Asks: 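Structure incoming, see below.
As the structure is a computational prediction, the values presented were derived from the model and not from experiment.
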Amino acid sequence: MAKAITPRSVDYSEWYNDLVIRSGLADYSAVRGCMIIKPLGYALWENMRAVLDRMFKETGHVNAYFPLFIPKSFLSREAQHVEGFAKECAVVTHHRLKLAEDGSGVVVDPDAKLEEELIVRPTSETIIWHTYRDWIQSYRDLPLLINQWANVVRWEMRTRPFLRTAEFLWQEGHTAHATREEAIAEAERMLDVYARFAEEYMAMPVVRGVKTPSERFAGAEETYCIEALMQDGKALQAGTSHFLGQNFAKAFDVTFLDQHNQRQYVWATSWGVSTRLVGALVMTHSDDDGLVLPPRLAPLQVAIVTIPTVEEPQMTVARELAEQLQRIGISVTVDTDETKRAGFKFAEYELRGVPVRIAIGKRDVEADTVEIARRDTKEKATVPRAAAVEHVRGLLDEIQQNLLRRARQFVADNTHTVETFEEFQRVLDERGGFVLAHWDGTAETEARIKELTKATIRCIPLDGAPQEGRCILTGKPSSRRVLFARAY
RNA sequence: CGGGGUGUAGCGCAGCCCGGUUAGCGCACCUGCUUUGGGAGCAGGGGGUCGUGUGUUCGAAUCACACCACCCCGACCA
């Protein structure tokens, strides 16, 4: 094995880093905390983006684009918002460089200092709500349903490829509504879109819930989220949808006249998912041999390898088969690289997560068969050439379903219900995973549990039935279980 | 921002303690031949500001000091 990836059992974190780099998803860059998204990683993001974009449009949203830079004063308009983001903002202070007098290169020209500093957006609520003030006058202007695909910068202390980078790509939806109820319905609708995307496309089961007040987005009245469970038993917040109340409308003075000629503040939501989803996908399905990508998002679904590459009969079969697969909408490549041998290619396609690999050798040509291997289980089947297209079509569906099934089973196996604090600690230390437990509802208890165990309340699950119980820490009454985990 | 680690060829490393030929090794790369059903073999070849700076010395990858960068672990966050 020329390209050994650290096995998960040795060091999960190393495995992830190795895999991201060696599979060709991303590279480190010259800038701290910023990564280069390589063609494979970007293709994956493009596929995610295409599906999400379609789902947003199906739910009535349109795309727009707002500036990268935000005047510093905007950020301070909403008190909680600035508190939440102030510590991680990149700030532009000058607009010009000049040659250094000592010839050592360029220096910032002190004469080019900006009157007001510009913040590189960590999120766009402020500049968007500043704009919405001009766009909204009447109830007829509502709802305003806009999404933006953009990059944002958060100067994080500690970064990890895809999971937390200083610059990341995302989408941010920003909507304005006439009523509280409508805005809440919008926030819930978009959470539902995210959850469906995660399960149907990423094959990643998620728990839907709401954040506790201390975990809420800065400036939100309610933060809805989807939480996923990674293979090492740690949780990952995969998407959030916020009900912002009238906070931003009040901060930016966005009002409208209703049907009764009454001036009202607008109700808001914002919601986003980011390139973090690529990391989530990797951590959900992949194994020690490389990426495992769900067919519905895989940039390449089928790779055909002929053995040997150069000889004609098998190459002819490969090209015919590829054409037939393409015709039914399956992405496929015929590997014509004569400098690599079959074994090398097998390993390489596995590393890159291609769901289905087909091998065609002289033996197959003679028997009129092809060998079809699936990435998720690594099983191989020899099937008649005439049945290959249907086999592949069915197999891609089967892999998609199997990944979701497997991931669901994992979440089920790693979700524990506990009654006492001792049990809580033991489960976290020995097994990790999601832990359902009673909590007295106070921020103090939440903070204390975090301090003692490093576990946070990931969410208050939306589908959890109310249940009387006693808080695992304080013994005070609790009306429902909440979802705890150690998280990324 | 605290703790730890690493900077030597595209990648991974040895050499450094104890200074001294032309700085090595594996992978990758180039050429040729033989191969080709799970990361091929042989032969030949190309590729280096030893992170940066200053100092010590006849002489520094090697010793000293300073700086920089990146990675990992923590606290903070999508």
Asks: Quantified in whole Å, what is the P atom distance between nucleotide rA9(B) and nucleotide rG15(B)?
Replies: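 Result for the P pair: 15 Å, nearest Å.
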Asks: With rounding to whole Å, what would you report as the distance between rU62(B) and rA14(B) at their C1' atoms?
Replies: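 Per the computed distance, 13 Å lies between those C1' atoms.
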Asks: For the side chain of Pro308(A), starting at C-beta, report the closest nucleotide among rC72(B), rG38(B), rU36(B).
Replies: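 Per side-chain heavy atoms of Pro308(A), the pick is rU36(B).
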Asks: Out of rG39(B), rC29(B), rC72(B), which has the shortest distance to the side chain of Glu14(A)?
Replies: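 Selected nucleotide: rC72(B).
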Asks: Nearest whole Å is fine: how far is rG39(B) P from Arg22(A) CZ?
Replies: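 For the pair Arg22(A) CZ and rG39(B) P, the rounded distance is 19 Å.
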Asks: For Lys454(A), report the nucleic acid contact type (base, sugar-phosphate, nothing); a contact means any heavy atom under 4.0 Å.
Replies: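 If one applies the 4.0 Å heavy-atom cut-off, Lys454(A) turns out to touch the sugar-phosphate alone, with no base involved.
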Asks: Select base, sugar-phosphate, or nothing to describe what Ser274(A) touches, counting heavy atoms under 4.0 Å on all strands.
Replies: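 Ser274(A): base contact, heavy atoms under 4.0 Å.
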Asks: In whole angstrom, what separates Glu348(A)'s CD from rU36(B)'s C1'?
Replies: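 Interatomic distance, CD of Glu348(A) to C1' of rU36(B): 17 Å.
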Asks: In this structure, how many angstroms lie between the P atom of rG37(B) and the CG atom of Asp364(A), rounded?
Replies: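 These atoms are roughly 13 Å apart.
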Asks: Cation-pi check for Phe346(A) against Arg357(A): NZ or CZ below 6.0 Å from the six-membered ring centre and within 45 degrees of the axis, yes or no?
Replies: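 Judged by the rule (NZ or CZ under 6.0 Å from the ring centre, within 45° of its axis), Arg357(A) counts as positioned above Phe346(A).
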Asks: Of all the choices, rC76(B), rG38(B), rC72(B), which nucleotide is nearest to the side chain of Arg357(A) once you look at every atom?
Replies: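 Nearest nucleotide to the side chain: rG38(B).
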Asks: Please pick, from rU36(B), rG37(B), rG38(B), the nucleotide with the shortest atom-to-atom distance to any side-chain atom of Glu371(A).
Replies: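 For the Glu371(A) side chain, the nearest candidate turns out to be rG37(B).
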Asks: So Phe168(A), base contact, sugar-phosphate only, or nothing? Heavy-atom distance under 4.0 Å.
Replies: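 Since a base atom lies under 4.0 Å of Phe168(A), the category is base.
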Asks: Rounding to the closest angstrom, what is the interatomic distance between rU49(B) and rG24(B) at atom P?
Replies: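 Result for the P pair: 15 Å, nearest Å.
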Asks: Base, sugar-phosphate or nothing for Thr123(A)? Non-hydrogen atoms, less than 4.0 Å.
Replies: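 Touches nothing.
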Asks: If the C1' atom of rG45(B) is compared with that of rA64(B), how far apart are they to the nearest Å?
Replies: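 These two C1' atoms come out 41 Å apart once rounded.
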Asks: Using the C1' atom in both, what is the distance from rG41(B) to rU35(B), to the nearest Å?
Replies: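 Their C1' atoms lie roughly 8 Å apart.
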Asks: Is a donor from one side chain sitting under 3.5 angstrom from an acceptor on the other, for Asn151(A) and Arg121(A)?
Replies: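 A donor-acceptor contact under 3.5 Å links the two side chains.
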Asks: For Glu451(A) and rG74(B), give me the distance from atom CD to atom P, rounded to whole Å.
Replies: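 Checked: the CD to P distance equals 17 Å.
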Asks: Using a 4.0 Å heavy-atom cut-off across all strands, classify Leu163(A) as base, sugar-phosphate, or nothing.
Replies: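 Leu163(A): base contact, heavy atoms under 4.0 Å.
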Asks: Considering only rC76(B), rG39(B), rG37(B), which nucleotide approaches the side chain of Ala342(A) most closely?
Replies: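 From the listed options, rG37(B) comes nearest.
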Asks: For His285(A), give me all partners under ring-ring contact (aromatic ring centres under 6.0 Å, His included), at least two apart in sequence or on another chain.
Replies: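 Applying ring-ring contact (aromatic ring centres under 6.0 Å, His included) to His285(A) gives none.
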Asks: How far does the P atom of rU22(B) sit from the matching atom of rA60(B), given to the nearest Å?
Replies: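 Pairwise P distance, rU22(B) against rA60(B), rounds to 13 Å.
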Asks: Evaluate Trp271(A) against Phe217(A) for ring pair (Phe, Tyr, Trp, His ring centres under 6.0 Å), listing each step before the verdict.
Replies: CA-CA 10 Å; Trp271(A) 28 273; Phe217(A) 175 75; over 10 Å; no
Asks: When you check the side-chain N and O atoms of Tyr488(A) and Asp232(A), is any donor under 3.5 Å from an acceptor?
Replies: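 Judged by distance alone, the side chains do pair up.
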Asks: With a 4.0 Å cut-off on heavy atoms, is Thr165(A) in touch with a base, just the backbone sugar-phosphate, or nothing at all?
Replies: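 The residue Thr165(A) makes base contact.
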Asks: Take atom P in rC18(B) and the same atom in rC63(B), then report the distance between them in whole Å.
Replies: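 Each nucleotide's P atom is 9 Å from the other's.
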Asks: My understanding is that only residues two or more places apart in sequence, or in another chain, count here; which of them pass ring-ring contact (aromatic ring centres under 6.0 Å, His included) with Trp170(A)?
Replies: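 So Trp170(A) forms a ring-ring contact (aromatic ring centres under 6.0 Å, His included) with Phe168(A).
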Asks: If only side-chain N and O atoms of Asn17(A) are considered, is one of them under 4.0 Å from the OP1 or OP2 phosphate oxygen of rC72(B)?
Replies: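 Answer is yes, contact under 4.0 Å.
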Asks: For rC29(B) and rU54(B), measure between their C1' atoms and round to the nearest Å.
Replies: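 That atom pair is separated by 38 Å.
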Asks: Looking at the base of rG37(B), is there any donor atom on it, or on the side chain of Lys345(A), that sits under 3.5 Å from an acceptor on the other one?
Replies: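 No.
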Asks: Atom CG of Asp289(A) and atom C1' of rG38(B): how far apart are they, to the nearest Å?
Replies: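 Whole-Å distance recorded here is 11 Å.
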Asks: From rG38(B), rC76(B), rC72(B), pick the nucleotide closest to the side chain of Phe346(A)?
Replies: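 Given the options rG38(B), rC76(B), rC72(B), the side chain of Phe346(A) is closest to rG38(B).
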Asks: Kindly point out which of rG39(B), rC29(B), rG37(B) is positioned nearest to the side chain of Lys340(A)?
Replies: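 Among the listed nucleotides, the one closest to the side chain of Lys340(A) is rC29(B).
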Asks: Rounded to whole angstroms, how far apart are NZ on Lys38(A) and P on rC11(B)?
Replies: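 Rounded to the whole Å, the gap is 12 Å.
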Asks: Looking at the base of rG41(B), is there any donor atom on it, or on the side chain of Arg341(A), that sits under 3.5 Å from an acceptor on the other one?
Replies: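 No such pair is found, so the answer is no.
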Asks: Check Val356(A), Ile358(A), Val392(A), Ile304(A) against Val332(A) for a side-chain contact (heavy atoms from CB on, under 4.5 Å) and give me the one that passes.
Replies: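 Filter result, single survivor: Ile304(A).
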Asks: Separation of Ile358(A) atom CD1 from rG37(B) atom C1', in whole Å?
Replies: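 Rounded to the whole Å, the gap is 15 Å.
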Asks: Whole-Å distance between rG37(B) P and Lys362(A) NZ?
Replies: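 Distance, rounded to whole Å: 11 Å.
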Asks: Base, sugar-phosphate or nothing for Glu156(A)? Non-hydrogen atoms, less than 4.0 Å.
Replies: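 Base contact - Glu156(A) has a heavy atom under 4.0 Å of at least one base atom.
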